[in-house]
Amino acid sequence: MYNQVVMDHFKNPRNVGEMDNPDGVGEVGNPLCGDMMHIYLKVKDDKIDDIKFQTFGCGSAIAVSSMLTEMAKGKSLEEAKKLSNQDIADALEGLPKNKMHCSNLGADALHQAIQDYESRRDGVSLKEPEPQRKESHEHSEGERCYCPYCDVELGDDFPTFCKACQSDLGEEH
Amino acid sequence: MTFLNLDHISANPLLPEVKDAMIQAIQSDYHNPSSQHQAGEQAAELLEDARQKTAQLLGAQDAKEIVFTSNGTESVNHALKGVAFANREKGKHIIASNIEHNAVHRSLKRLSSHGFKITSLPVDQGGRVDPKEVEKAITNETILVSIMHSNNETGTIQPIEEIGKVVKDNHILFHTDAVDSVGIVPLDVQELQADLLSFASNTMYGPTGVGGLYIRRGTRLFPMLDGGTQENSKRAGAENLIGIIGHGKAAELALRNMDTRQEHLSRLKSLLLEELPNYIDEYIINTNLDHSLPYLVNISLKYIEGESVMLMLSEEDIAVATKSACATGSLRASHVLLSLGLSHADAQGTLVISFGMENTEEDVYRFLGALKNIVDTLRAMSPLYKKANQATAQG
């Protein structure tokens with residue numbers, strides 16, 4: 001299911017654990033959608049001096065967290081802000097299509113932690129971050145339903161195919 | 001380390017006797033059972049022998065009431081769609097439950113897009129359908145009730161006999177999806193009062209690719225496949241004879257060894273449940289232990305996610321199933337677990353452990369040892385565990 005790079009980061013996660021007195025914290029996700037990620041930062045001279053993560057989630061969510069911390073460590077804040085979901089997924093040499101949302105979670109958590117650090121530094125209160133992704137794919141009769149691969153709303157009430165990204169959604173999507 | 005299969009709900013190994021029967025069948029190059037010549041008649045005899053053994057296993061009065069299909073899903077589709085379209089003049093209302101397998105769930109969804117009205121009944125905290133709720137849901141328009149015998153995720157067995165009585169008292173057709181029960185737990189279509197019953201051979205250690213549908217004589221339904229007159233004109237297409245011969249052997253052994261099977265599997269399940277608290281804490285048993293399959297336990301491990309547990313166990317050569325949203329690829333928590341009232345977070349940490357005849361007590365201990373380490377590792381990594389601990393410390 002997962003490639004060797006992903007499995008390596010899942011089995012031997014780097015920088016896992018809590019951090020005493022972090023300079024910035026990012027908390028994203030929701031158990032509703034199956035994953036939740038906390039990122040803790042220590043910042044020194046505008047650089048990420050140390051970074052740790054805690055994650056509740058699947059193999060891919062854990063691998064994304066681990067790879068993200070490796071990539072961000074030692075980077076300047078400006079460089080770290082530019083780290084995208086795609087960069088993390090690329091560094092992991094690809095994720096299964098229906099797990100790409102896990103990489104979104106990683107970049108979101110990092111960016112939120114940096115934002116938290118900057119707010120504390122500048123003495124401004126951090127406003128509630130805009131949700132970057134759909135928090136749930138749960139839906140019942142009459143509710144809107146989104147493609148798990150590209151997040152486009154699916155119109156048909158019995159969708160098995162996403163026209164937007166040409167994905168076969170199978171029996172359960 | 002040797003491979004340890006604790007995922008028998010997904011696949012059972014073939015019994016040696018079943019393998020032998022199938023190898024012999026492959027080497028014999030049997031002809032088409034529909035052919036009139038001697039070679040065809042010889043094949044037909046073997047086909048009918050397997051049908052007879054299946055009828056005995058289910059308590060069917062006549063072997064002709066058994067129709068072989070390609071799997072449980074096809075049987076369920078045949079039962080539901082076949083009855084719906086053949087009886088639509090009488091009414092268009094069908095009753096099922098919230099915890100049915102997707103074969104039922106999606107078939108009914110398909111039928112609803114053809115104008116059928118579906119009532120899906122909730123389950124109680126024990127994961128069971130109340131027969132009184134079935135009775136209340138019946139209308140003049142109701143043509144079919146379909147309630148599963150045992151649930152594939154929780155292993156909980158439904159009060160099918162009581163439901164069957166309610167349904168038949170109201171002169172409505174009754175189907176039960178018994179795919180995960182037949183061959184392991186004793187059941188009898190007369191006692192259940194089922195008009196239709198779906199089963200699959202792999203549950204009883206027969207081959208995948210063979211399933212079947214019991215159709216009580218006189219039940220009106222259309223075939224799913226139109227074509228030749230195979231299977232008494234109820235399922236067209238040349239039969240999977242080699243598979244069916246293997247299934248016949250599996251059905252014969254299931255009937256003969258039912259008690260031994262139940263005893264062996266129940267012992268392993270009880271051992272697991274007894275020992276579990278000695279290895280891990282904070283879990284929920286989602287299986288109704290008073291009414292459940294002897295071989296399956298569904299456990300929610302709090303604060304961690306099921307796919308991670310499954311992958312780590314897999315690294316230790318141990319196979320289990322999980323119903324977490326992430327693992328199914330659906331990004332949705334299991335409808336069965338949510339129906340039981342489980343929170344989304346708890347539903348994510350669900351493992352389905354299912355024993356088979358080759359498992360031993362040592363296997364239970366090996367699994368528990370591995371599970372303990374994995375749960376410790378993942379909880380140390382989990383922000384939910386941290387939060388729960390902080391709350392406890394403060395409270």
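- For chain B, no part of A/Ser65 is nearby; none of its heavy atoms comes within less than 4.5 Å.
- Rounding to the nearest 0.5 Å gives a distance of 10.5 Å between CD of A/Gln54 and NZ of B/Lys387.
- The nearest pair of heavy atoms linking A/Gly57 to B/Ser308 is O-OG, 2.6 Å.
- A/Glu27 places none of its side-chain heavy atoms less than 4.5 Å from the side chain of B/Pro383.
- Using a 4.5 Å cut-off between heavy atoms, B/Tyr303 contacts chain A through its backbone alone, with no side-chain atom that close.
- For A/Pro96, no part lies under 4.5 angstrom from a heavy atom of chain B.
- In this structure, the side chains of A/Met1 and B/Glu307 come closer than 4.5 Å at one or more pairs of heavy atoms.
- Interatomic distance, A/Thr55 OG1 to B/Leu384 CG, rounded to the nearest 0.5 Å: 10.5 Å.
- Interface residues of residues 3-11 of chain A toward chain B, defined by a heavy-atom distance below 4.5 Å and sorted by number: A/Met7, A/Phe10, A/Lys11.
- In B/Lys92, the NZ atom is crowded: over 12 heavy atoms of neighbouring residues, nucleotides or ligands sit closer than 6.0 Å.
- Summarising the local packing, CG of A/Asp20 is surrounded by 12 or fewer heavy atoms from other residues, nucleotides or ligands at distances under 6.0 Å.
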